Amino acid sequence: MVKKYQHVIWLGLLGVLTLVGLALRAWGIDSISLDVDEAITLSAAQGLLAVGQPVIQASGLYYGRDILGTLTTAASVGVFGSGEWAARLPMVVFGTATIPLTYILARQLKLSQLWAFLAAAGITFSEWGIYYAHSARMYQEQQFFVLLTAMAAVWTVKHWSWLRVLGTSVLGLLAVLAHRSAVILLPILLGLFVWNRRKELRTWWSTRGHRLRVWAGLATVVVLLLVAQWQWEVVSGVWQYLVGTDRNPFANMQLRLVPFRHLLKKYPVWLVGMVLAWVWVKGRSGLQVIIGLTWGVLISVDLLIYPNEPNYRVRYFYDILPLFFILGAYSFQQFWSWFDLKRTRVWAKAVLLILLIAILMVPGSTLQPQTVYADQPEWNRVAGLRADVVIAHPTAPAHYYLGHVDYWLVSHKGEIRTYSENNQDIYAGAAILLDPQELKSILTTQHGVVVLETNRLKFISKDLRQTLKEFAKKDQELSTELLQVWKF
């Protein structure tokens with residue numbers, strides 16, 4: 001009787017798991033303040049609704065970065081109005097959708113219902129999964145499209161056709177539009193497809209006519225580049241747009257294993273499973289694709305993305321996290337079969353219990369958002385605070401919660417060079433304030449408020465901070481450990 005309805009039972013359990021994931025991702029999305037990046041995205045979305053382009057109206061900046069995330073945020077804000085929960089709702093939806101998609105891809109790779117369910121449970125209770133689904137940024141959307149791309153790639157290598165290759169490429173481009181770091185996915189996919197079809201390609205290449213057409217095509221590209229007089233600066237500009245740095249991408253290359261250290265700290269049992277998935281890869285084309293994508297992204301991120309800042313968060317390899325859990329679950333299934341644990345039911349239950357504990361011990365499995373957002377400044381404490389003059393750092397969340405920003409308090413030359421234009425901050429149109437005497441004049445002749453994130457005081461000189469202490473009064477009631485509020 002149970003076997004007859006086994007498929008329905010597992011679908012029901014997956015539905016329950018998805019609802020739990022939805023609750024974890026939606027709970028408290030309006031209780032946590034927008035961080036600086038979220039405020040920028042929301043501002044661009046509001047500009048898109050107002051003038052039809054992602055323009056930050058306070059400064060006039062065209063914010064063309066990661067346009068797909070801005071579009072989905074604008075759609076939500078247009079329907080539900082401006083606010084934290086409306087800005088974050090699309091990522092809650094994308095984050096929840098990854099749970100059943102993880103299960104479907106696992107089943108596509110011949111995982112049993114139990115182990116596919118366990119892989120889906122891994123992403124459900126992942127602290128990173130909950131955090132990025134709470135954030136009005138594009139990383140969760142990127143993961144969604146990377147997961148769809150992986151599913152399409154597995155289907156393509158099993159049922160090869162150029163139409164499926166085109167469909168996979170389109171999904172990969174959508175992932176790039178969600179976030180530019182997904183561009184590293186495309187050469188990895190190309191390499192995997194070439195390797196998978198290497199025999200056919202070798203035969204194709206041996207035909208003289210095909211060789212001539214390929215060489216003619218390459219020569220045409222070279223001529224066009226020469227005629228257009230492309231310089232390294234142009235190539236560097238494209239690289240800067242895609243990856244966010246104008247530095248030589250191959251300078252300072254060093255395999256520091258940063259993503260692997262993060263994964264080892266959070267998910268040691270799963271990491272062992274992911275590594276051991278190599279053991280069973282032979283003859284399994286779908287598994288080869290998933291392993292290639294996972295390891296390719298992890299190593300590329302470690303080598304190329306912010307090479308001088310190896311601990312720059314987990315956001316750039318977060319997109320392959322469902323694949324990570326699927327590979328781990330695949331290894332657990334193979335070990336289960338290898339030791340034939342069905343005969344020793346006590347051991348089977350013990351292993352399953354250990355795996356479940358490994359999942360549920362993740363701090364993000366609590367419904368308390370503060371567990372995940374312990375380091376996020378509480379900007380909502382100053383929401384609606386009336387002030388004639390507003391001085392802030394950073395300016396984007398200050399502009400959202402206070403309605404305007406007049407001065408950007410900053411002295412760091414790198415910050416000024418990167419985030420200002422015509423002596424104004426590019427995200428709020430605030431004038432740069434870096435002279436202690438000018439700050440003193442404002443504090444002693446006008447009335448207003450200064451709001452600063454504590455972790456950004458390093459961008460403000462000691463002279464400016466000393467002037468602030470002498471001529472403004474810290475509001476102890478509004479200030480917190482992460483946010484300083486001064487009145488003058």
Side-chain angles (χ1 to χ4, degrees), residues 28-47 49-50 55-61 77 80-88 136 373 376-410 419-420 423-457 459-460 464-488:
I29 59 173
D30 60 345
S31 64
I32 305 297
S33 301
L34 296 176
D35 66 19
V36 59
D37 291 332
E38 290 179 294
I40 293 169
T41 298
L42 180 55
S43 182
Q46 290 171 329
L49 292 171
V55 175
I56 298 176
Q57 292 178 283
S59 63
L61 173 73
V77 170
F80 301 107
S82 181
E84 290 102 335
W85 79 271
R88 290 167 174 154
Y373 295 91
Q376 195 145 316
E378 306 90 331
W379 278 96
N380 52 10
R381 294 174 67 88
V382 298
L385 185 66
R386 293 186 178 182
D388 295 334
V389 177
V390 174
I391 304 171
H393 191 119
T395 59
H399 188 273
Y400 174 76
Y401 286 104
L402 294 167
H404 68 102
V405 182
D406 301 285
Y407 297 99
W408 179 31
L409 191 64
V410 63
Y419 300 112
S420 71
N423 204 41
Q424 285 188 326
D425 159 64
I426 61 174
Y427 293 130
I432 295 175
L433 181 54
L434 51 75
D435 182 11
Q437 290 302 317
E438 184 182 0
L439 175 60
K440 177 183 176 181
S441 176
I442 294 170
L443 297 179
T444 55
T445 61
Q446 301 185 56
H447 299 280
V449 64
V450 180
V451 188
L452 309 171
E453 288 187 4
T454 305
N455 64 352
R456 294 177 184 266
L457 293 177
F459 299 125
I460 302 170
L464 286 171
R465 282 181 275 164
Q466 184 60 38
T467 302
L468 181 64
K469 290 179 181 179
E470 290 179 8
F471 298 100
K473 183 179 180 180
K474 190 174 184 179
D475 190 318
Q476 299 295 342
E477 185 177 345
L478 290 176
S479 296
T480 66
E481 184 180 348
L482 302 173
L483 193 71
Q484 296 187 10
V485 182
W486 300 76
K487 292 183 177 179
F488 58 91

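Not measured: the values here are computed from a predicted model.
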Quick check: are there more than 12 heavy atoms from other residues, nucleotides or ligands sitting under 6.0 Å from NZ of Lys474? yes
Taking every heavy atom of Ala472 against every heavy atom of Phe488, the minimum-distance pair comes out as CB-CB, 4.2 Å
With a 4.5 Å heavy-atom cut-off, do Ile56 and Tyr427 have their side chains touching? yes
Sort out for me which residue in Val485, Val451, Val449 forms a side chain to side chain contact (heavy atoms under 4.5 Å, CB included) with Asp475. Val485
Could you report the tightest heavy-atom contact between Leu409 and Leu452, atom names first, then the distance? CD2-CD2, 4.1 Å
Between the CD atom in Glu481 and the CG atom in Asn455, the distance rounded to the nearest 0.5 Å is 11.0 Å
Compare all side-chain heavy atoms of Ile391 with those of Leu439 and state whether any distance is below 4.5 angstrom. yes
With no hydrogens and no angle check, is any side-chain donor or acceptor of Asp30 less than 3.5 Å from a backbone partner on Glu84? no
Just how far is it from atom CG of Asp35 to atom CD of Gln376, taken to the nearest 0.5 Å? 4.5 Å
Side chain to side chain, Leu464 and Pro436, heavy atoms closer than 4.5 Å: yes
Would you call Tyr419 and Pro394 a side-chain contact if the rule is heavy atoms closer than 4.5 Å? no
Trp85 ring center near Phe80 ring center (under 6.0 Å): yes
Are the side chains of Leu478 and Leu385 in touch, meaning some heavy atoms are under 4.5 Å apart? yes
Verdict with reasoning, Lys440 to Glu470, per salt bridge (Lys or Arg N to Asp or Glu O under 4.0 Å): CA-CA 9 Å; Lys440 177 183 176 181; Glu470 290 179 8; over 6 Å; no
Working to the nearest 0.5 Å, report the span between CH2 of Trp379 and OG1 of Thr480. 10.5 Å
For a 4.5 angstrom cut-off between non-hydrogen side-chain atoms, does Leu49 reach Gln46? no
What is the distance from atom CG of Leu34 to atom OG of Ser43, rounded to the nearest 0.5 Å? 11.0 Å
Would you name the heavy atoms of Ser31 and Asn380 that are closest together and state the gap between them? O-ND2, 3.4 Å
Are Glu438 and Leu433 side-chain neighbours, meaning at least one heavy-atom pair lies under 4.5 Å? yes
Between His399 (side chain) and Val405 (backbone), is there a donor-acceptor pair under 3.5 Å? no
Any sub-3.5 Å donor-acceptor pair from Glu378's side-chain atoms to Leu482's backbone N or O? no
To the closest 0.5 Å, what do you measure between CG (Leu457) and NE2 (His393)? 9.0 Å
Closest non-hydrogen atom pair, Leu42 against Ala87: CD1-CB, 4.1 Å
Side chain to side chain, Gln484 and Arg465, heavy atoms closer than 4.5 Å: no
Heavy-atom closest contact (Ala136 atom, Arg88 atom, distance): N-CG, 3.7 Å
Run the side chain to side chain contact (heavy atoms under 4.5 Å, CB included) check on Leu483 and Glu453 step by step: do they pass? CA-CA 5 Å; Leu483 193 71; Glu453 288 187 4; 4.1 Å; yes
What's the spacing between Thr395 OG1 and Gln424 CD if we round to 0.5 Å? 11.0 Å
Looking only at non-hydrogen atoms, find the nearest pair between Val450 and Leu468 and report the distance. CG2-CD1, 3.8 Å
Does Arg381 use its side chain to pair, donor to acceptor, with the backbone of Glu477 at less than 3.5 Å? yes
